[in-house]
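Accompanying notes for the structure given below.
Values below: every heavy atom of this structure, side chains too, minus hydrogens, waters and symmetry copies. By convention in this document, chain letters (A, B, ...) are assigned in the order of the sequence lines, proteins followed by strands, and residues within each chain are numbered from 1.
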Number of protein chains: 4
Amino acid sequence: MIRFLLIGAGRIGRIHAENIVRGGASALVAVTDADSRAAAELAKKWSCRAVEPDTALAQGDVDAVLIASSTDTHADWIERCAAAGKPVFCEKPLDLDIQRATQCMRKAQAAGVALYLGFNRRYDPSFARLKREIGAGTVGALETLHITSRDPAPPPVEYIRRSGGLFRDMMIHDLDMARWLLGAEPVEVFARGSALVDPEIGAAGDVDTAMVMLRTADGRLCQIANSRRCSFGYDQRIEAFGAAGMVSANNHTSTSVTVAGKQGYTTEPALPFFLERYADAYRLELEDFIGALQGKKVELATGEDGRRALLLADAAQRSLTSGAPVTLS
Amino acid sequence: MIRFLLIGAGRIGRIHAENIVRGGASALVAVTDADSRAAAELAKKWSCRAVEPDTALAQGDVDAVLIASSTDTHADWIERCAAAGKPVFCEKPLDLDIQRATQCMRKAQAAGVALYLGFNRRYDPSFARLKREIGAGTVGALETLHITSRDPAPPPVEYIRRSGGLFRDMMIHDLDMARWLLGAEPVEVFARGSALVDPEIGAAGDVDTAMVMLRTADGRLCQIANSRRCSFGYDQRIEAFGAAGMVSANNHTSTSVTVAGKQGYTTEPALPFFLERYADAYRLELEDFIGALQGKKVELATGEDGRRALLLADAAQRSLTSGAPVTLS
Amino acid sequence: MIRFLLIGAGRIGRIHAENIVRGGASALVAVTDADSRAAAELAKKWSCRAVEPDTALAQGDVDAVLIASSTDTHADWIERCAAAGKPVFCEKPLDLDIQRATQCMRKAQAAGVALYLGFNRRYDPSFARLKREIGAGTVGALETLHITSRDPAPPPVEYIRRSGGLFRDMMIHDLDMARWLLGAEPVEVFARGSALVDPEIGAAGDVDTAMVMLRTADGRLCQIANSRRCSFGYDQRIEAFGAAGMVSANNHTSTSVTVAGKQGYTTEPALPFFLERYADAYRLELEDFIGALQGKKVELATGEDGRRALLLADAAQRSLTSGAPVTLS
Amino acid sequence: MIRFLLIGAGRIGRIHAENIVRGGASALVAVTDADSRAAAELAKKWSCRAVEPDTALAQGDVDAVLIASSTDTHADWIERCAAAGKPVFCEKPLDLDIQRATQCMRKAQAAGVALYLGFNRRYDPSFARLKREIGAGTVGALETLHITSRDPAPPPVEYIRRSGGLFRDMMIHDLDMARWLLGAEPVEVFARGSALVDPEIGAAGDVDTAMVMLRTADGRLCQIANSRRCSFGYDQRIEAFGAAGMVSANNHTSTSVTVAGKQGYTTEPALPFFLERYADAYRLELEDFIGALQGKKVELATGEDGRRALLLADAAQRSLTSGAPVTLS
């Protein structure tokens, strides 16, 4: 039984709280949040303690920490967990700044503290099966990868301004997916983007529509397409193409119903957003975090994976600005 | 090169004319029709002779006859072809009356004249593949068959009155399909039907919605569902289920386009009607008729197949009227 | 907060236990089972009391009872709950004998005790949406219904012998679905069946492959097809056809992955069996049972629904034996 | 009735010959080919004249010319047709060299001779519907375009060497499609490619796997992915994404059959290659060429479209070589 301290009682924190409580091998013992009311409310719901941020890591009965607080606090919390010798599962990203991300990751390494990052899509059953099929040779030698990732609607411009930009905030998931599925590091990134969805996003210095092309040292290629808005739900699809065929993961729907009429055959739009599409993934990644603490080999992203994804996002941002592809060593 | 006399210059006749002309191994030499203007027009289009019904079979350069005239003339024409020693490809049915159908079929047999019936669905590429998969053992031992067949819209009540009823006019295609795919004769027929689409069809003594259950001597079962009206096109589907799995044929569409939007994913309705869905089948059945005349083993329905299908349709009609299943010996 | 006594600690009982515990508005206070070890084990897992069958209904803190014991005990338990004034959610069926089923249902009515039956498929999200679409007029006037229901593999012949036969044991779910979706009582049942999957099932006096045709007073028709074995998973599909179109529910799969290769495009088989396909349904029906106790209008099957479904199963069994359709008043 | 001279009796020439003959408004009067035997054979099949290349354009009864000879002869034939005042339908490309392509196109313009190019995919029913849906506003403002185009198997390396490279030989179709669907000229091209399918293709200085990213002046983006080999048939798909949704065209199959078994549900691979996938397109583009000669507004690619597509292919080739995006004015 792994006893958790949960840092952050917001939307994602609440999902993790429920999964910690309902899992068979974990317990939620304490919750903390900068907003002590939110912490108290969540603690009450799951019958655990609400604790102050300052003293959160002093709790003797905490085996592991789940960080789901705001992005700008991740690195600090990771360093505090490292100091306290507590293994960490942290929501992505480590930090928006690569220096800071590297720094906190190194502190965890130096302290010998396990650090995993919540790239939850690796635990989506469809994408996980994609990975297994690639590994099993179903498509033969993998040659190209095609990732489509569109949010249903853009966040408030206020959020956009603090987000680090589309590449670091949104595409970073796809960049991790690309590294994970390719099984290799991209050596070149070319990015293009526009503000087609909302001119205010452009005015804020960001893009809402983007494409990236990645290349590995052995010449394999990957396309990523992002949009901040999609009328037919949360569009999360991947195709992996190789010498022997292709394996692809399509969107998920809430029912298998088809309506046939004069207009043709209509099936449901994609599930609305990440809470629905990745509900299983949130649960399964937590199981594997617990498994990892018990020595199981897992597909969880490590701190280093988080740093690598951020490097790619930074490169994409530079490519967008300069107009040239960026080479990575 | 097989030289054809075409009997009937109506809608179906014109399809056959084009296929005869465009096929690589056939020629259209003469057309006849009770309406001599229609015959003349079609003859002009394909640069062949329009001939009078009376003298049609006296043409020396005719190798085979294609009968696409009105149903009530089929049996007479078959007998005349038998007398003239000309092989026949006749649109279904032989006749609406089983006695008359049997009689003309026997005359063709006695004369040693090949007689094939236009159960075109056997040549639909999807249904033909179903048959091949069943034969190849893809589903293991076939256990149940499920046939859905719906027209886009009911014909005029005037047509209904002369049609012989839904079972003889419409379901007869499905009954042939059942026999062909089951590879066995049903020994029991149970039928139910209602006039749900149009009360006038009920007033004319017919049904527009029907279900039939067939049973073979070895206990295999078949469901057939018919409707005279379907909002999403010509609904022509079959499922064949067995010990090792299921093989099914879905509707055909004119493009592979999907429109995704708030409503979900919309693909095209089924092709509108038999001219579109069975365009390939009309062409392929003619090729096989020519092949049969040259000694090839074919899947074409024979006169006997036509008689058997009519027996089943008659049994369904009796079951509908009596309310009891009808046993066939 | 509704406090539950759970009767039965077997496979289905354990599912309900978990849903009671995890639901937001219910608690599991006691478990009983003829096998006291099984009760103790389940009670331990969810930190509640294991109680003896004799004293189970004497618990003061029980607000409602969930009956998931073996079929032959349902009626007795219902009567005891009625005597104790406890509302009941009972797994289907009330009893295999229509007299006994009616009797216990009447006792619950007389006692003013709510009695609901676990026809869980009504709560499958896809079938529930089918019902809503029909109600919303999406298909216009409903004309025909087509239900396919196949288990992945037959149960042991020993089970078959005690099961009441395919119609009462397996098709009863489809018969409830037919009544529920048609929104009317069938007035005629015609059934056919064979032992094609396993001759031992035939030797035991039952069938493993069956078709039923139902007719309502206003002439609407319904087909049901059952098999005890299906190679591609738990085959649970429904089509509802009407004047304006068709709404259909297809099987569910565990991922949205497609593998493309020389063989074509391969997607996953259907989910393996009811535990997977109806996991959501078990959870949602329980929520609605709690809602019903709080006055909410629900789609839960009542004791009367259970009795009606059993009447149809009995009629199907008689039709199979007699070879004739059975008329219901 | 448009009377055609066909130049080229090879594989594509034979397709056009059949479509000319079978169309309702055209006739094939003469065929020429550098290989006079091939010309004679095709002429015999369709009962028309075989003529010598030298005298081909001197035929008085020729209303239009269809050029389906080898690529390196296109420009010469176009200039000869221009001189003879004959409207031309020419297989793509005009020429592999942009200077030569521009030159012959200008001569046709100067002579007032209609010049259309066989970018047949514009006439594929699925892609044509995509274009119509975009035009009708189905996806709202078009934002991104995603084109996948994979051949079933690479051509001989000998062909590759003379082909002008993947971008000019194969992707040129996709570049035309991009221009046509975007309704605007790309202003930037970035290309990457590798020889992953066959190292001999790399040794010949070409790539067999490629991705291109295009950008329009208003910031819209397009991805193209090509491979010279695809195990599941001729992979020809497009997605057009915009503010209101997405319209996509999937591959075509020869039947609608699904095989369900332990492995899941398997549908057919894509049609094998362009002869099958674009059979309708070849027929429909010819109809529109005839329509264009009669004043109809058509979607046929013009000589100028051919030149523009070649400019893009050249830019892609330069980008591949230089590693930098290429800007087009």
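- Options D:P125, D:G140, D:G261 differ in how many heavy-atom pairs under 4.5 Å they form with chain B, and the most are formed by D:P125.
- Contact count against chain B (heavy-atom pairs under 4.5 Å) is highest for D:V257 among D:T255, D:V257, D:V247.
- For B:S248, the parts lying near chain D are the backbone and the side chain together; criterion is any non-hydrogen pair under 4.5 Å.
- The minimum heavy-atom distance linking D:S256 with B:S126 is given by the pair N-OG, 2.9 Å.
- No other option in B:V259, B:N250, B:T258, B:I238 has as many heavy-atom pairs under 4.5 Å with chain D as B:T258.
- When the candidates D:K262, D:K45, D:E268 are compared by the number of heavy-atom contacts under 4.5 Å with chain B, D:E268 comes out ahead.
- To the nearest 0.5 Å, atoms NE2 (B:H252) and OG1 (D:T253) are separated by 7.5 Å.
- Under a cut-off of 6.0 angstrom, the local environment of CD in D:E41 is sparse, with at most 12 non-hydrogen atoms contributed by other residues, nucleotides or ligands.
- Shown here is B:E299, whose CD atom has more than 12 heavy atoms of other residues, nucleotides or ligands within 6.0 Å.
- For B:N251, the part sitting under 4.5 Å from any heavy atom of chain D is the backbone (N, CA, C, O) and nothing else.
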